[in-house]
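Reading through the structure tokens given below for one structure.
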Amino acid sequence: MQGVEVTCPFHSCNSKFKIKSSFTSHLSRRHKNPANRVVSSELLVHINSQATNDNSTSSQLDGFGLEVDIVGETSNNDNLENDDTQENISELFVKNLALFYLKLNAKFHVPASTIQKIIQEMQAMHNISQIHLKQHVKIKLAEMSVGNEVIDQIASEFLPNDIFNLAHGDKGTLSTDYRRKHFFKNNFNYVAPVTIYLGFDKNHVKRYYEYVPIIETIQELLKDAGVKEQFEKPILNSDEILRDFMDGSVAKSNILFIELGNAIKLILYQDAFEVVNPLGSAKKKHKVLAVYITLGNIYPQNRSQIDQMQLVLLVREKDFKFFGQDAVFRVLVNDLKKIEQYGVLIDTKYIRGTVAMILGDNLGSHCIGGFVENFSSCPYVCRFCLMETENIHLGDVFDTFCQRSPDNYNADLQNLESNPDLNNYKGIKFNSIFNELRYYHVCNPGLPPCLGHDLFEGVVNYDLALYIHHMVKVNKWFTYAQFNQIVTNFKYSGSDANNKPSIISEEGSKLGGHAVQNWCLLKLLPLFIGSRVNNTSDPVWQLTLLLREVVELICAPEISLAQVAYLRVKLEDYLEQRVELFPDKPVKPKHHYMAHYPRLILQFGPLIRVWTLRFESKHSYFKKCARYSQNFINICHTFAERHQLLQAYLNNGSLLRVSASVENAITFNVDLYNDSIKNAFCSHHCLTEEVVTSSVALIDGIQYRKDFFVVLDCQQSNLTLGQIIMVFQHKDNTVCILVKKVPAQYHSEMGYYKIAGVARELGFSCVRLSDLKSHCCLPSYTIEKEQVIVLKHTILD
């Protein structure tokens with residue numbers, strides 16, 4: 001129980017602890033040697049065979065944490081209690097064994113046949129162990145002069161009461177794959193996927209898709225204690241800072257969200273992905289369209305966790321294109337209508353909700369919205385406004401055109417219906433089925449952009465490659481070989497080490513890396529080539545720095561209205577210079593989409609909160625499932641069932657990770673440190689014995705590590721940084737950081753911050769995470785003997 005003080009159980013050690021991590025650390029340091037692990041005799045439970053009276057009982061805890069009565073002569077009631085306890089132990093054992101098999105099958109993709117082999121081998125070894133145990137017991141009983149008849153009677157009780165044998169016997173609940181799945185589905189929170197018939201395809205083959213009932217999914221999701229707590233205690237924003245989608249005008253103007261403060265806010269994501277090698281002979285043959293869902297009520301730092309993302313629908317992309325949107329999404333939309341009208345039963349009351357937004361890449365979002373999916377030749381290619389494609393060719397990509405709305409969307413649909421010969425009208429092909437919902441419309445807007453596809457795999461991908469090509473071929477500051485060598489040999493640190501940029505081909509017009517790799521390349525570019533830039537006033541170099549500044553603003557997880565206005569100015573400046581400096585390299589539709597970002601931030605909140613890359617990580621589960629199972633017959637059914645078994649396993653624990661996890665923590669002893677650290681600590685803490693310390697902590701998915709930097713304050717072009725010395729965790733699990741404060745000055749010619757030397761250190765301080773200007777933990781790099789840091793995003797004013 002949390003807060004209870006425990007004494008070290010080993011002989012001659014009187015240390016006391018209130019925090020589990022401190023206790024485990026003490027055991028590993030002080031009692032690592034088995035010789036130091038002698039349990040004090042007063043802590044041992046002795047069972048006295050000569051009870052003080054015939055009805056006396058004693059109690060002890062068994063290995064399962066269940067209280068078991070140890071008796072002299074027991075009454076009938078005591079026997080009943082023993083029977084109940086044995087039944088509880090049996091159920092607990094079988095449940096844990098089932099969870100182990102479920103984990104192997106659903107999480108680690110171990111085939112059912114392999115699991116069956118494992119069970120058979122375990123059973124064989126267990127039988128040998130049982131024979132050995134029976135022989136040993138018989139010998140001991142014989143030494144105690146127990147009669148052979150009694151010995152045989154005791155030995156005969158082994159097999160029928162062996163839980164392991166009962167679970168795996170001929171009729172055991174876990175003996176076959178069919179029985180195991182039956183047990184999983186009946187004993188864990190399993191939401192069964194439903195196979196829905198679509199019809200005959202063009203080859204006269206019956207086709208189906210898999211649908212996971214969304215209402216049941218939400219009910220099971222809200223049974224998780226962590227999810228339910230965040231659902232019932234939403235984060236309320238009282239200032240004018242945009243921190244999440246609920247701060248945007250779309251959510252604030254939603255009538256249902258206004259009427260019901262605790263309305264269910266659904267975020268849908270749809271995307272098609274390749275199951276097999278996209279370059280092989282089977283490409284597109286097994287391409288699957290997936291729809292996932294997450295609750296917008298969950299805090300933003302937890303929505304990026306894959307475990308809480310729920311599967312809604314799986315269908316072959318070929319079937320989706322053949323049968324159409326209405327056939328595939330009809331059941332889902334009908335359930336969403338029920339959620340809007342009647343709600344979802346949670347505990348004892350129904351809570352209504354609706355779709356807050358539908359995420360996806362441009363192709364998927366245009367498909368969902370009923371817009372054209374040809375971005376090269378159609379006259380209208382924007383789902384946000386009525387800009388004509390010829391304006392892009394002229395370089396006019398600014399956010400100056402009439403915005404799409406439900407009214408002009410419906411008017412364009414009427415014109416389309418009155419002219420059957422038209423394939424589309426003003427970029428609209430058909431009315432989206434999701435517009436049938438009462439509180440959602442695709443032009444409200446309801447289809448936000450994705451930074452990963454538009455920005456990092458679009459604008460940055462093309463433009464940065466263009467600028468590097470200019471620096472190589474025109475400025476001749478370096479060669480491609482030199483640049484790739486620098487990028488390859490650079491000593492990356494922190495999260496940058498996980499997203500090392502890819503090398504650039506001399507003949508390529510794109511960077512070639514994935515979204516986060518391209519982001520990392522743009523961010524660290526001044527560190528790579530800054531020493532080779534002979535003229536920092538060069539317009540292409542200045543344009544590169546302007547792109548970096550625009551990206552930092554767009555990617556901010558918290559942004560003020562003033563910063564949004566500043567972003568609009570910088571974006572227009574960037575696009576204007578881009579067209580002017582490279583007139584022979586036309587801009588693309590994604591440049592125009594980027595021009596909408598200031599407006600879209602006001603509508604959806606920070607766009608980093610609605611990008612799709614974390615959802616795309618969910619695809620990897622199904623790809624692994626296909627690779628290990630090698631079963632492509634009715635692959636959607638295989639995927640859906642396996643995924644729902646995985647969710648049943650995950651629902652047995654907690655879907656949301658612990659907000660704060662401190663590694664290798666030890667009790668903090670303030671007397672071991674100098675006066676500066678003592679004063680910083682004591683000004684923030686009262687009781688030292690309730691605090692543990694470590695050099696590494698994982699907090700809301702961000703790793704804080706010794707010698708890395710956090711941002712404490714921002715004044716114009718200067719920062720006050722905190723170099724992490726150690727992390728403290730309190731008894732109530734709250735965390736604060738001891739930092740050494742140092743100033744950093746912005747280097748405008750390179751776009752990074754120079755950290756001041758030792759002479760300008762500002763002393764030590766303890767800071768709460770809530771007091772930080774940014775929750776990013778930043779590594780430092782040494783460039784020309786100077787320590788510098790590069791921001792990941794703009795700091796809030």
Side-chain angles (χ1 to χ4, degrees), residues 456 460-461 464-465 467-468 471-472 477-506 511-534 536 541 544-545 547-548 551-552 555 663-664 694-698 701-711 719 721-727 737 739-740 742-758 760-761 774-793:
F456 298 116
V460 173
N461 195 21
L464 189 55
Y467 304 155
I468 292 174
M471 296 173 196
V472 173
W477 288 340
F478 48 84
T479 65
Y480 276 104
Q482 290 171 334
F483 181 82
N484 288 330
Q485 185 178 20
I486 293 171
V487 170
T488 303
N489 297 334
F490 189 81
K491 294 183 179 179
Y492 299 90
S493 183
S495 60
D496 297 335
N498 299 325
N499 303 295
K500 297 177 183 178
S502 64
I503 61 174
I504 302 177
S505 171
E506 187 171 352
L511 296 179
H514 60 65
V516 185
Q517 284 180 309
N518 295 344
W519 188 2
C520 184
L521 177 59
L522 177 66
K523 183 178 65 172
L524 299 181
L525 187 66
L527 308 187
F528 296 153
I529 62 173
S531 62
R532 298 172 182 266
V533 177
N534 297 329
T536 56
W541 176 249
T544 304
L545 294 180
L547 176 60
R548 291 177 77 252
V551 168
E552 287 176 5
C555 294
E663 300 178 11
N664 301 321
S694 175
S695 60
V696 181
L698 186 67
I702 300 172
Q703 188 179 71
Y704 294 84
R705 182 178 292 275
K706 187 178 184 294
D707 293 331
F708 279 47
F709 290 85
V710 291
V711 180
L719 298 177
L721 301 175
Q723 185 176 15
I724 298 175
I725 305 301
M726 64 183 75
V727 182
I737 305 173
V739 298
K740 180 170 61 178
V742 292
Q745 188 173 15
Y746 185 64
H747 187 7
S748 59
E749 294 180 346
M750 289 294 146
Y752 52 60
Y753 288 84
K754 291 182 178 181
I755 301 173
V758 178
R760 294 192 59 195
E761 291 178 1
S774 168
H775 290 292
C776 284
C777 188
L778 304 169
S780 65
Y781 295 101
T782 302
I783 303 297
E784 296 180 346
K785 299 182 180 180
E786 288 188 309
Q787 196 175 14
V788 303
I789 67 159
V790 181
L791 294 182
K792 195 171 183 179
H793 57 75

If we only count heavy atoms from C-beta on, is the [X] to [Y] side-chain gap below 4.5 Å?
X	Y	value
P501	F490	no
W477	Q482	no
V711	L778	yes
V788	Y753	no
L464	F456	no
F478	I468	yes
R548	V790	yes
M750	W541	yes

Fill in: Check: Y752 ring centroid to Y781 ring centroid under 6.0 Å
no
Starting at [atom1] of [X], measure out to [atom2] of [Y] and round the result to the nearest 0.5 Å.
X	Y	atom1	atom2	answer
W519	H793	CH2	NE2	8.0 Å
S531	I486	OG	CD1	6.5 Å
F528	K523	CZ	NZ	9.5 Å
S780	E786	OG	CD	12.5 Å
L521	L511	CG	CG	5.5 Å
K792	C555	NZ	SG	9.0 Å

Discussion item. Would you say S502 and Q517 are linked by a side-chain donor-acceptor pair, where the criterion is simply a distance under 3.5 Å?
Written reply: no
Response to the item:
Residues Y704 and C777: closest non-hydrogen pair is CA-SG, 3.8 Å
Discussion item. Test side chain to side chain contact (heavy atoms under 4.5 Å, CB included) on Q703 and L698; report intermediate values, then the result.
Written reply: CA-CA 4 Å; Q703 188 179 71; L698 186 67; 4.1 Å; yes
